[in-house]
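Have a look at the structure below before the remarks.
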Amino acid sequence: MSVINELIRTEADGTISFGDYTLASKTKKDNFEHGTDIYKVKTFREITKLECNGIFVYESVPGTAVSGLDITENEVSFQVEGPEDAEITLGLCDSTEYEVFINSDNVGTMKTNLGGKLTMSVELGAKEPTDVRIVKK
């Protein structure tokens, strides 16, 4: 995996990939259609942010590249890569517990806040992308 040169794209398996952490200045793409949803991505070296139908989905500081983002009612999974460790925030269900898995290792249970946000740190910078999976309890 590497940066997503078109900023956001639909993959053959129906997931989406987005983000380019190599950009020096903030770049965005609006009105990207995926199924019945409309996505907006903003990305560059300092931050990557994704919204779906105007609702917050993903943010990383610093910027990252995400591939295979798959969101279901009970699970979110994706691969992420970046030049250094990142703080990733996901928009999920309000006040809900989730099991967090990084590279198949269960790193514990986390509870979202009243706004439904879950924030975690992910070690990046390796040659291989990092797998992230969040499962509703």
Identify the heavy atoms of [X] and [Y] that sit nearest to each other, and give their distance.
X: Pro62; Y: Ser60; answer: O-OG, 3.0 Å
X: Lys29; Y: Glu6; answer: CD-O, 3.8 Å
X: Arg45; Y: Ala24; answer: NH2-O, 3.5 Å
X: Thr48; Y: Gly19; answer: CG2-CA, 4.1 Å

Do [X] and [Y] have side chains that get closer than 4.5 Å, going by heavy atoms?
X: Asp94; Y: Leu114; value: no
X: Ile4; Y: Asp20; value: no
X: Asn103; Y: Glu128; value: no
X: Asp131; Y: Gln79; value: yes
X: Val76; Y: Leu69; value: yes
X: Tyr21; Y: Pro83; value: yes
X: Val122; Y: Val100; value: no
X: Ile47; Y: Glu59; value: yes

Worksheet entry | Check against side chain to side chain contact (heavy atoms under 4.5 Å, CB included), Val132 and Met120 | CA-CA 10 Å; Val132 177; Met120 65 188 142; 3.8 Å; yes
Got a donor-acceptor contact below 3.5 angstrom from the [X] side chain to the [Y] backbone?
X: Thr112; Y: Ser95; result: yes
X: Ser17; Y: Thr15; result: no
X: Asp85; Y: Leu124; result: yes
X: Asn106; Y: Phe101; result: no

Worksheet, complete the sentence: Here the gap from Lys117 atom NZ to Cys93 atom SG, rounded to the nearest 0.5 Å, amounts to 14.5 Å
Worksheet item: CG/Leu92 to CD/Glu75 distance, rounded to the nearest 0.5 angstrom?
Response: 11.5 Å
Item to complete: Please list, chain by chain and in numerical order, all residues satisfying ring pair (Phe, Tyr, Trp, His ring centres under 6.0 Å) with Tyr58, sequence neighbours excluded.
Response: Phe18, Phe78
Practice prompt. Test Leu50 against Ile8 for side chain to side chain contact (heavy atoms under 4.5 Å, CB included), laying out the working first.
Written response: CA-CA 10 Å; Leu50 181 71; Ile8 186 168; 3.9 Å; yes
Worksheet entry | Evaluation steps, side chain to side chain donor-acceptor pair (under 3.5 Å), between Thr72 and Asn74 | CA-CA 5 Å; Thr72 66; Asn74 295 313; over 6 Å; no
Item to complete: Please step through side chain to side chain contact (heavy atoms under 4.5 Å, CB included) for the pair Phe56 and Lys49, ending with a clear verdict.
Response: CA-CA 8 Å; Phe56 174 84; Lys49 186 171 184 178; 3.9 Å; yes
Worksheet, complete the sentence: The side-chain hydrogen bond (donor to acceptor under 3.5 Å, both in side chains) partners of Ser121 (sequence neighbours excluded) come to none
Worksheet item: Do the side chains of Ile38 and Val57 join up, straight or via other hydrophobic residues, at under 4.5 Å, putting them in one cluster?
Response: no
Discussion item. Starting from Val61, can I reach Leu90 by hopping between I/L/V/M/F/W/Y residues whose side chains sit under 4.5 Å apart?
Written reply: yes
Worksheet item: Please walk me through it: do Thr119 and Glu87 pass side chain to side chain contact (heavy atoms under 4.5 Å, CB included)?
Response: CA-CA 7 Å; Thr119 301; Glu87 182 176 277; 3.4 Å; yes
Side chains of residues 30-37: which donor-acceptor pairs under 3.5 Å do they make with residues two or more places apart or in other chains?
| unit_1 | atom_1 | unit_2 | atom_2 | d |
| --- | --- | --- | --- | --- |
| His34 | ND1 | Thr10 | OG1 | 3.1 |
| His34 | NE2 | Gly14 | O | 3.0 |
| Asp37 | OD1 | Asn53 | ND2 | 2.8 |

Practice prompt. Could you tell me whether Glu123 atom CD has more than 12 heavy atoms of other residues or ligands within 6.0 Å of it?
Written response: no
